[in-house]
Amino acid sequence: MSYKKPEVRGLGHHLKAARHMTIGTMRRDGWVISTRCPRCHLDCWVDLNTLVRLNSSELRLWNRTARCRRYSCSGRMIFLATPPGEVLGAFWALQDDPDRPRAPGGTDQAA
Ligand SMILES: [Zn+2]
């Protein structure tokens with residue numbers, strides 16, 4: 001197996017790998033992360049250097065949310081990402097499809 005640079009691995013590879021990826025790996029491979037509040041639609045950039053410093057490089061963003069940064073909004077922000085090699089500004093949500101029914105017991109099978 002030969003090494004492939006992150007930016008040539010393809011979107012399908014990245015979207016499959018994203019659920020297991022740590023922020024340390026995302027920072028190394030050049031992912032761009034932002035957040036969006038579904039309630040007030042506030043978008044924020046996420047600085048992976050800061051996130052690693054405040055948490056740990058082992059943190060995973062898949063299915064995580066964060067408190068909305070807008071004053072008096074009680075929404076929970078979801079994480080969005082642009083994988084390396086993709087057009088900046090095209091974001092994919094780092095979460096399971098909320099409309100897809102989950103398997104009972106939390107053992108969600110990948111599609
Ligand atoms: Zn909000």
Side-chain angles (χ1 to χ4, degrees):
M1 204 160 89
S2 62
Y3 175 78
K4 263 188 175 180
K5 287 182 178 178
E7 57 271 25
V8 296
R9 289 177 194 164
L11 183 60
H13 165 86
H14 288 305
L15 295 183
K16 221 157 70 180
R19 63 175 55 231
H20 307 291
M21 211 169 254
T22 65
I23 55 174
T25 309
M26 287 178 156
R27 180 174 65 168
R28 184 198 66 197
D29 289 353
W31 289 62
V32 177
I33 308 294
S34 78
T35 57
R36 170 166 294 165
C37 175
R39 183 171 291 201
C40 72
H41 305 289
L42 176 67
D43 291 328
C44 292
W45 291 112
V46 173
D47 181 358
L48 281 177
N49 290 323
T50 305
L51 211 55
V52 166
R53 215 174 309 131
L54 293 177
N55 298 277
S56 126
S57 58
E58 296 303 305
L59 180 74
R60 289 172 169 82
L61 297 178
W62 191 264
N63 280 343
R64 287 189 88 95
T65 59
R67 183 180 51 80
C68 179
R69 291 335 192 222
R70 190 185 296 278
Y71 180 69
S72 81
C73 176
S74 60
R76 299 290 301 178
M77 304 186 94
I78 60 165
F79 287 91
L80 306 170
T82 304
E86 298 302 322
V87 177
L88 193 56
F91 285 101
W92 283 266
L94 293 177
Q95 62 176 13
D96 295 317
D97 185 350
D99 298 328
R100 195 162 58 99
R102 304 234 179 151
T107 51
D108 200 15
Q109 298 292 313

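All values below come from the heavy atoms of this structure, side chains included, with hydrogens, waters and symmetry mates left out. Quick note: residue numbers are just sequence positions, from 1. Owing to the predicted nature of the structure, the values given are computational and were not obtained by experimental measurement.
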**OP:** Among residues two or more places apart or on two chains, list those pairs meeting side chain to side chain donor-acceptor pair (under 3.5 Å) that have a residue in residues 72-89.
**Re:**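 Sorted result for residues 72-89: Arg39-Ser74, Thr65-Arg76.
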Do [X] and [Y] have side chains that approach each other closer than 4.5 Å (heavy atoms only, starting at C-beta)?
X	Y	result
Pro83	Leu11	yes
Asp29	Arg9	yes
Trp92	His14	no
Asp96	Trp62	yes
Val32	Trp45	yes
Leu61	Leu51	yes
Cys44	Met77	yes

Subject >> Nearest-0.5 Å distance that lies between atom OG1 in Thr22 and atom CG in Leu59 >> reply: 8.5 Å
Do [X] and [Y] sit in one hydrophobic cluster, given that two such residues count as connected whenever their side-chain heavy atoms are within less than 4.5 Å of each other, even indirectly?
X	Y	value
Ile33	Ile23	yes
Val46	Leu42	no
Phe91	Trp31	no

**OP:** Indicate yes or no for a side-chain donor-acceptor contact from Arg69 to the backbone of Arg67 under 3.5 Å, with no hydrogens or angles considered.
**Re:**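 At least one qualifying donor-acceptor pair exists.
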Original post:
Does any pair with a residue in residues 42-64 pass salt bridge (charged side-chain N to carboxylate O under 4.0 Å, His left out), and if so which ones, sequence neighbours excluded?
Top reply: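 Only Arg36-Asp43 qualify under salt bridge (charged side-chain N to carboxylate O under 4.0 Å, His left out).
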Original post:
Looking only at heavy atoms, which two atoms of Met26 and Ala18 are closest? And how far apart?
Top reply: CE-O, 4.3 Å
**OP:** For Cys37 and Gly75, work out which heavy atoms get closest and say how close.
**Re:** SG-CA, 4.0 Å
